[in-house]
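Everything below concerns the one structure shown next.
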Amino acid sequence: MHTASDSGGRHLRWPTRGISFGGDYNPEQWPEEVWQRDVELMREACVDFATVGVFSWARLQPTPDTWDFGWLDRVLDLLHDGGVRVDLATATASPPPWLTTAHPEVRPVDERGYRYEIGSRQTWSPSSPIYRDRSLVLVEKMATRYGGHPALALWHVSNELGCHNSRCYSPDSARAFRRWLQRRYGDLTELNRAWGTTFWSQHYSDWNEVVPPAASTTFGNPTHLLDWRRFCSDALLDQYLAEREVLRRITPDIPVTTNFMVGMGSPQSLAGDMNYAQWAPEQDLVSTDHYLVGPATGDGATHHRLSFSADLTRGIAGSRPWLLMEHSTSAVNWQPVNRAKTPGEMLRNSLAHVARGADGIAFFQFRASDAGAEKFHSALVPHAGTDSARWREVVQLGAVLRRLEPVAGSRVEAPVGVLFDWESQWACEQDGHPSRLMQPMAIAERAHHAFSGVTCDVIPADADLSRYADLSRYAVVVVPAVYLCSDEDAARIEAAARAGAQVLVTAFSGIADRDDHIRLGGYPGAFRDLLGVRTEEFFPLGADETVALDDGTAARIWTEYLTVSEDVEVLARHTEGHLQGVPALTRRPVGDGAAWYLATVPDTQSWTRIAEAICAAAGLDLHAGQHADVEIVRRRGENGSWLFVLNHTTEKVTVEVSGTDLVTERVVDGPLTLEPGSCAVIREDSADTGARTRKADA
Ligand code: GAL
């Protein structure tokens with residue numbers, strides 16, 4: 001059985017057969033005569049999955065004492081008759097104006113004390129007891145009314161929890177923060193120790209003195225700030241757990257999820273405010289939203305960022321299949337300039353997610369709105385209607401996904417594990433560090449990019465690595481600027497090297513413990529012995545500065561004064577400046593493997609060269625003849641194996657494969673030429689057939 005979850009002895013079904021396909025469906029925006037037509041169109045496009053009710057609290061409960069479920073009853077019946085499985089929202093995402101008018105204290109407060117006005121969405125404080133109480137009344141009503149409806153396949157708690165309201169500095173939040181700290185530390189002595197409050201006369205002698213780190217004179221206390229980020233994530237997770245508890249009590253057999261925003265960040269934070277590594281184990285199935293941000297080509301190209309985010313989603317899902325709850329058929333409407341997708345790009349994006357473990361592809365939203373804040377956002381049914389290239393591509397995507405049904409439940413093969421740690425990223429977003437340019441998530445993305453010729457898992461390095469992955473299964477383990485590291489995780493990383501992995505540690509890893517206290521005696525404290533290196537001082541570089549190493553690397557962002565022990569091989573040294581002759585890339589044999597240290601941030605070409613050397617040492621062929629912008633990923637399951645080949649280039653490429661291409665339904669045995677921007681999913685005759693690509697004209 002294709003399961004959503006088998007944790008805790010609960011065997012819950014995946015919402016649909018095969019790969020789910022659909023999106024947010026907001027019929028409340030349209031008169032009822034449109035609904036029947038919508039369901040006909042869903043059938044035409046093979047849509048079998050719809051998220052309903054996300055923003056309908058005000059419609060369901062128009063006043064404090066009145067409820068209106070009739071319209072939603074009819075929507076669910078219609079969808080069920082049309083064969084569409086429903087991901088039913090708890091509808092708590094946006095409280096109605098009557099609630100936030102009667103109880104202004106529900107609305108979140110920013111770091112300067114301004115209480116947000118109503119008029120947008122998600123205007124609620126994660127720590128508001130009134131919001132919690134009223135939202136759970138709604139969840140109870142939804143679960144009781146629809147728990148037995150045959151269309152119900154999945155519960156969708158709230159929506160993108162924390163998208164706009166993750167940091168609230170209200171009095172409710174201050175009280176909840178203190179309670180959270182009391183649970184973490186027990187007493188003020190322990191809090192004062194962890195926060196290092198002897199510095200700058202910050203010693204606390206009464207719990208009421210402890211407040212959220214709102215705007216102040218200058219830099220805040222680093223551990224106070226880090227705990228605040230931990231608390232903010234936990235406060236939102238608490239809302240999820242409270243809603244889930246109601247749902248599980250009433251409908252124990254229906255899986256529960258909430259849609260994450262993995263890799264999307266926020267205006268304030270590269271990694272965002274929610275530590276999804278801690279949220280994921282609470283989901284019956286992990287779902288996430290992903291929108292393209294950034295340039296279409298080049299180093300930060302959107303398809304590289306998409307693959308990093310998809311691999312990280314699979315990482316937090318413990319390698320199990322996950323669901324892409326939202327992406328866009330074409331342009332979004334929230335960037336300064338909203339680029340429409342080129343022909344074939346939507347299919348390519350969708351298949352990239354499936355290649356990396358998604359067993360469901362859904363979009364915001366089914367029918368493009370004619371009013372409201374998102375009226376210019378693309379949809380499955382565009383403003384132009386069904387006589388449009390966009391709709392024809394949607395119908396084509398539905399047909400392709402239907403042919404991929406046997407892929408569902410299979411697993412992605414990845415010989416390289418790249419670690420990523422939310423808390424390290426949060427710590428490095430603070431002031432008072434050696435360089436603002438040293439951002440762990442950006443470094444992890446660069447490392448992932450360098451190894452993209454072989455598939456990478458992105459593994460959360462959150463407090464206990466062993467919770468997510470057994471490092472011994474990787475030929476290569478990359479530790480990219482994992483700044484905070486526990487002794488236990490450092491030992492796990494070392495054990496992986498001893499057991500035979502090539503372990504690459506990059507600059508600014510293992511610098512501090514989980515309280516953000518520096519590990520003394522020379523950097524990088526947690527990995528000094530493993531690597532056989534010792535750094536006395538960092539010498540960060542300016543944004544446009546580079547320095548040359550003797551292996552041709554252009555070193556950026558970071559350099560350091562490093563000495564090495566006798567058993568360390570120096571692979572690159574500085575050629576100029578006061579660090580001339582100082583090692584920057586080293587390798588030390590450890591057990592059956594090795595520990596490499598990269599003391600800088602290389603340019604793209606050099607990154608690739610370093611990845612090549614490491615892969616060679618691990619017995620992996622990084623490129624397998626592959627073009628850098630041709631994505632090749634294999635999923636393997638009980639029913640066989642599938643090779644996804646996505647041509648992101650503007651040239652034809654030729655791939656050597658053997659099997660049936662499920663996109664074109666053609667049998668291939670030998671060279672397959674892919675047009676610019678096109679894709680193939682090969683049901684392989686033999687999974688041992690490696691893929692070899694070249695430019696068609698080469
Ligand atoms: C998501 C959100 C959707 C819609 C979409 C637009 O953040 O969950 O409701 O706003 O973005 O791209």
Side-chain angles (χ1 to χ4, degrees), residues 22-30 49-59 87-96 119-124 126 154-166 236 239-240 243 257-269 271-274 276 279 283 286-294 302 305-306 309 313 322-341 345-346 349-350 353 358 360-383 390 394:
D24 281 25
Y25 180 46
N26 298 308
E28 63 272 31
Q29 297 175 8
W30 300 96
F49 177 84
T51 301
V52 180
V54 171
F55 294 109
S56 49
W57 187 346
R59 179 82 194 258
D87 167 37
L88 187 58
T90 54
T92 55
S94 267
S120 187
R121 65 175 177 182
Q122 233 176 39
T123 37
W124 53 273
L154 179 64
W155 284 114
H156 182 107
V157 168
S158 193
N159 190 63
E160 290 189 344
L161 280 159
C163 183
H164 312 292
N165 61 348
S166 57
L236 286 155
Q239 174 68 25
Y240 167 80
E243 294 196 29
T257 191
T258 187
N259 48 338
F260 296 167
M261 297 169 280
V262 176
M264 292 302 299
S266 70
Q268 301 150 307
S269 167
D273 281 345
M274 283 64 66
Y276 291 133
W279 291 41
Q283 312 293 311
V286 166
S287 64
T288 195
D289 299 349
H290 188 268
Y291 291 93
L292 302 183
V293 184
T302 51
R305 306 192 68 193
L306 184 160
S309 150
T313 306
W322 51 276
L323 186 100
L324 181 69
M325 189 65 89
E326 289 180 25
H327 68 150
S328 66
T329 60
S330 188
V332 298
N333 73 319
W334 42 262
Q335 294 175 15
V337 173
N338 295 289
R339 187 178 72 80
K341 289 192 180 175
E345 192 174 356
M346 175 183 69
N349 296 158
S350 301
H353 287 289
I361 296 296
F363 292 85
F364 177 83
Q365 61 179 329
F366 184 72
R367 184 179 279 283
S369 310
D370 64 353
E374 297 186 308
K375 61 184 182 299
F376 283 114
H377 197 289
S378 61
L380 276 78
V381 182
H383 287 156
R390 190 58 60 202
V394 164

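What you see is a predicted model; the values in this text were computed from it and never measured. Whatever order the structure lists ligands and atoms in, that order sets their numbers, starting from 1.
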>> Using the rule given for side chain to side chain contact (heavy atoms under 4.5 Å, CB included), can you reason through Leu306 versus His353, listing the C-alpha separation, both sets of side-chain angles and the distance that settles it, and then say yes or no?
In response: CA-CA 8 Å; Leu306 184 160; His353 287 289; 3.6 Å; yes
> Considering only heavy atoms from C-beta outward, does the side chain of Val52 approach that of Phe366 to under 4.5 Å?
Replying inline: no
>> With a 4.0 Å cut-off on heavy atoms, is Gln365 in contact with ligand 1?
In response: no
Measure the distance from [atom] to every protein heavy atom, then report the residue, atom name and distance (to 0.1 Å) of the closest one.
{"atom": "atom 12 (O) of ligand 1", "value": "His377 NE2, 2.6 Å"}
{"atom": "atom 1 (C) of ligand 1", "value": "Glu326 OE1, 3.0 Å"}
{"atom": "atom 4 (C) of ligand 1", "value": "Glu374 OE2, 3.3 Å"}

[X]: numbered ligand 1 atoms lying under 4.0 Å from its heavy atoms:
{"X": "Glu160", "value": "1 (C), 2 (C), 7 (O), 8 (O)"}
{"X": "Phe55", "value": "9 (O)"}
{"X": "Trp334", "value": "6 (C), 12 (O)"}

> According to the interplanar angle, ranging from 0 to 90°, do the rings of Trp279 and Phe260 count as parallel (below 30°), tilted (30 to 60°) or perpendicular (above 60°)?
Replying inline: perpendicular
> Looking at Thr90 and Ser158, what are the two nearest heavy atoms and their distance?
Replying inline: OG1-N, 3.0 Å
> Taking it one step at a time, do Glu243 and Thr92 satisfy side chain to side chain donor-acceptor pair (under 3.5 Å)?
Replying inline: CA-CA 9 Å; Glu243 294 196 29; Thr92 55; 2.8 Å; yes
> Rounded to the nearest 0.5 Å, what separation is found between the CD1 atom of Ile361 and the CG atom of Asn349?
Replying inline: 9.5 Å
>> Heavy-atom distances under 4.0 Å decide this one: backbone, side chain, both or neither, for Asn333 against ligand 1?
In response: neither
>> I'd like to know whether Arg390 forms a side chain to side chain donor-acceptor pair (under 3.5 Å) with Ser378, so could you lay out the CA-CA distance, the side-chain angles of the two residues, the decisive distance to 0.1 Å, and finally the verdict.
In response: CA-CA 9 Å; Arg390 190 58 60 202; Ser378 61; over 6 Å; no
>> Any nitrogen or oxygen of Arg121 lying under 3.5 Å from a nitrogen or oxygen in ligand 1? Just yes or no.
In response: yes
